[in-house]
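Below: the structure, in C-alpha cells.
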Number of protein chains: 2
Amino acid sequence: MTEQQNRVDKFKRSPCPVACTLDIIGDKWTLLVVRDLFAGKKTYSEFQHSPEKIPTNILADRLKRLVKNGIIVKEPYQSHPVRYQYLLTAKGRELGLVLKAMLQWGEKHIPGSKALMHPVQDKREELKS
Amino acid sequence: MTEQQNRVDKFKRSPCPVACTLDIIGDKWTLLVVRDLFAGKKTYSEFQHSPEKIPTNILADRLKRLVKNGIIVKEPYQSHPVRYQYLLTAKGRELGLVLKAMLQWGEKHIPGSKALMHPVQDKREELKS
DNA sequence: AGCAGTTAATTGCAAATTGCAAGTAACTGC
DNA sequence: GCAGTTACTTGCAATTTGCAATTAACTGCT
C-alpha cells in the first residue's frame, strides 16, 4: 500500500470536503462548544452552563475530539487546583464562517430565534499590543 | 399559556439561532443530501448512489425531515410509475452559504479532500491570483 | 404471459451513540 | 471538618444508526 492509499483510507466516508467536515463537526453539540469559545468561554464549567445544558459526558467527549482534530488546545491555566482552559486554534477560528452562516440562516428562517452575540465580528483592530 | 410562551416552547434547546439550525441540520447526513441537491441530484436513488452510501432508512427519514422543515419539497414528476423528485426551496437554497463555508474549511484543513463541485458558485470572482 | 430490473421506500434487529443521574478526585474557603 | 467548585468518569436506559432483507408498483424484454 502506498502513502497515497493510506491518505485515501483515512477518509471516513468520501474525499468530499463537506463529508469530511461533517465527520468532525456534524452533530448537534460540537458547534455549540465552538460557538461558546467564540463567545469567550474557556472552561469546562462555562460550557456546561450554556443554555442548551450539554450533558457532561458529551461535553468531555466533544472536547477530546476537538483537541484530537486540532480545533482547540487544552492547557492548564493554574496549577494547584489544576484547572484547564480550552482555546481555539487558527484552524478552529476558521470555523467562524461556518458558524456565521448558520447563525444568519437561523436568524432569517427560524422565527423568534435570536443571537446572543455574533462570532467573527469585523474588528479591524488586532495589531494593538 | 400565552402565545409568546408557545413560541418559546417550540425551541428545542434554546433560542440561539445556531442551536436551532443544528436541531434541523446538525447531523452527519442531512447536509450531504442538501449538497447533492445543489449538485443537481433530485431523486431518491440519485441520493442513494452518492459516494457516502447513505443507508436507505436514514435517507427516507432525512428527506421527510427536510420537507417538514421547508427546506425541500417533494413532488411527483411522472405518474404511472409514480416517481418523485425533491427540490430545494428558497429557504433550502440559502443553506448554500453554510455548505460553502464547510466546503472551504474542509478543502483548507483536511489534506487530500477535494470537492467534486462547488455549490453557490460566484460567477464574478477569481480574476486575481 | 412471465420474469428481471428499477424506484422508492418499509421492516427488523444489532450496534453505537445519547442523555440523565450519580459518583469521584482534587482542591479551596469558611 | 465540611460544604462548594471544577473537571471529569461510570453506569445504564433510551434513542438513533447502520445493514440486510423485503415490499409495492410499475416497465421493458422475450
Side-chain angles (χ1 to χ4, degrees), chain A residues 11-14 16 19-20 22-34 36-37 40-69 72-88, chain B residues 11-14 16 19-20 22-34 36-37 39-69 71-88:
Chain A
F11 297 126
K12 290 192 187 76
R13 294 185 293 181
S14 83
C16 170
C20 292
L22 287 169
D23 284 332
I24 297 172
I25 58 162
D27 72 286
K28 282 193 160 31
W29 294 109
T30 302
L31 280 178
L32 290 184
V33 176
V34 176
D36 285 349
L37 285 157
K41 295 182 182 175
K42 290 178 178 62
T43 63
Y44 197 90
S45 57
E46 283 178 310
F47 303 135
Q48 273 192 303
H49 292 115
S50 281
E52 293 85 10
K53 292 283 169 285
I54 183 168
T56 176
N57 55 339
I58 304 282
L59 177 56
D61 176 77
R62 294 306 186 272
L63 287 170
K64 250 176 224 159
R65 286 173 48 180
L66 286 168
V67 168
K68 201 186 71 190
N69 287 300
I72 61 174
V73 287
K74 174 184 184 174
E75 56 176 46
Y77 66 91
Q78 69 172 52
S79 40
H80 241 317
V82 61
R83 292 289 143 84
Y84 301 102
Q85 63 182 353
Y86 298 89
L87 301 171
L88 286 167
Chain B
F11 297 126
K12 289 192 188 76
R13 294 186 292 181
S14 82
C16 170
C20 293
L22 287 170
D23 284 331
I24 296 172
I25 58 162
D27 71 287
K28 281 193 158 35
W29 294 108
T30 301
L31 280 178
L32 290 184
V33 176
V34 176
D36 284 350
L37 285 157
K41 296 182 182 175
K42 290 176 178 60
T43 63
Y44 197 91
S45 57
E46 283 178 311
F47 303 135
Q48 273 193 303
H49 292 115
S50 281
E52 293 85 9
K53 293 283 167 284
I54 183 169
T56 176
N57 55 342
I58 304 281
L59 176 56
D61 176 76
R62 293 306 186 273
L63 288 170
K64 250 176 225 159
R65 287 173 46 178
L66 285 168
V67 168
K68 202 186 70 190
N69 286 300
I71 288 161
I72 61 175
V73 287
K74 174 185 184 173
E75 58 175 47
Y77 66 91
Q78 68 171 54
S79 42
H80 247 300
V82 62
R83 291 290 141 82
Y84 301 102
Q85 64 182 351
Y86 298 88
L87 301 171
L88 286 168

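These numbers come from the heavy atoms of this one structure, side chains and all, not from hydrogens, waters or symmetry mates. Order of the sequence lines sets the chain letters (A, B, ...), proteins ahead of strands, with each chain counted from 1. Source: prediction; values computed, not measured.
Of all non-hydrogen atoms in Arg65(A) and Ile24(A), the two that sit nearest each other are NH2-O, 3.4 Å.
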Q: Check the pair Val67(A), Leu63(A) against side-chain contact (heavy atoms from CB on, under 4.5 Å), reporting the backbone distance first and the verdict last.
A: CA-CA 6 Å; Val67(A) 168; Leu63(A) 287 170; 5.6 Å; no
Q: Decide yes or no on side-chain contact (heavy atoms from CB on, under 4.5 Å) for Ile54(B) and Leu32(B), but give the supporting numbers first.
A: CA-CA 9 Å; Ile54(B) 183 169; Leu32(B) 290 184; over 6 Å; no
Q: Tell me, with the steps shown, if Leu66(B) and Val34(B) meet side-chain contact (heavy atoms from CB on, under 4.5 Å).
A: CA-CA 9 Å; Leu66(B) 285 168; Val34(B) 176; 4.3 Å; yes
**Q.** Under 4.0 Å protein heavy-atom contacts per nucleotide of nucleotides 14-25 of chain C, with B for base, S for backbone only and - for none
**A.** ----SBB-B---
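A close approach under 4.0 Å does not occur between any side-chain nitrogen or oxygen of Ser45(B) and OP1 or OP2 of dT6(C). OP1 or OP2 of dT10(C) sits under 4.0 Å from a side-chain N or O of Lys64(B).
Looking at heavy-atom distances under 4.0 Å, Phe47(A) makes no contact with the nucleic acid at all.
Read 5' to 3', the first and last nucleotides of DNA chain D with an atom closer than 4.0 Å to a heavy atom of chain B are dT17(D) to dT27(D).
Between the C1' atom of dA9(C) and the CD1 atom of Ile54(B) lies a distance of 13 Å, rounded to the nearest Å.
Side-chain contact between Glu52(A) and Lys28(A): absent, with no pair of heavy atoms (C-beta onward) separated by less than 4.5 Å.
Side-chain atoms of Tyr44(B) never come within 3.5 Å of backbone atoms of Arg83(B) as a donor-acceptor pair (strictly under, hydrogens ignored). At distances below 3.5 Å, at least one donor-acceptor pair connects side-chain atoms of Asp27(A) with backbone N or O atoms of Trp29(A).
Nucleotides of DNA chain C nearest to Leu63(B) and His80(A) differ in position, and the one nearer the 5' end is that of Leu63(B). Map His49(B) and Ala60(B) each onto its nearest nucleotide of DNA chain C; the residue landing nearer the 5' end is His49(B).
Base pairing annotation: dC30(C) forms a Watson-Crick or G-U wobble pair with dG1(D), both donor-acceptor distances under 3.5 Å.
Listed by chain and residue number, Lys41(A), Lys42(A), Thr43(A) satisfy the side chain to side chain contact (heavy atoms under 4.5 Å, CB included) test with Glu46(A) (two or more places apart in sequence, or in another chain).
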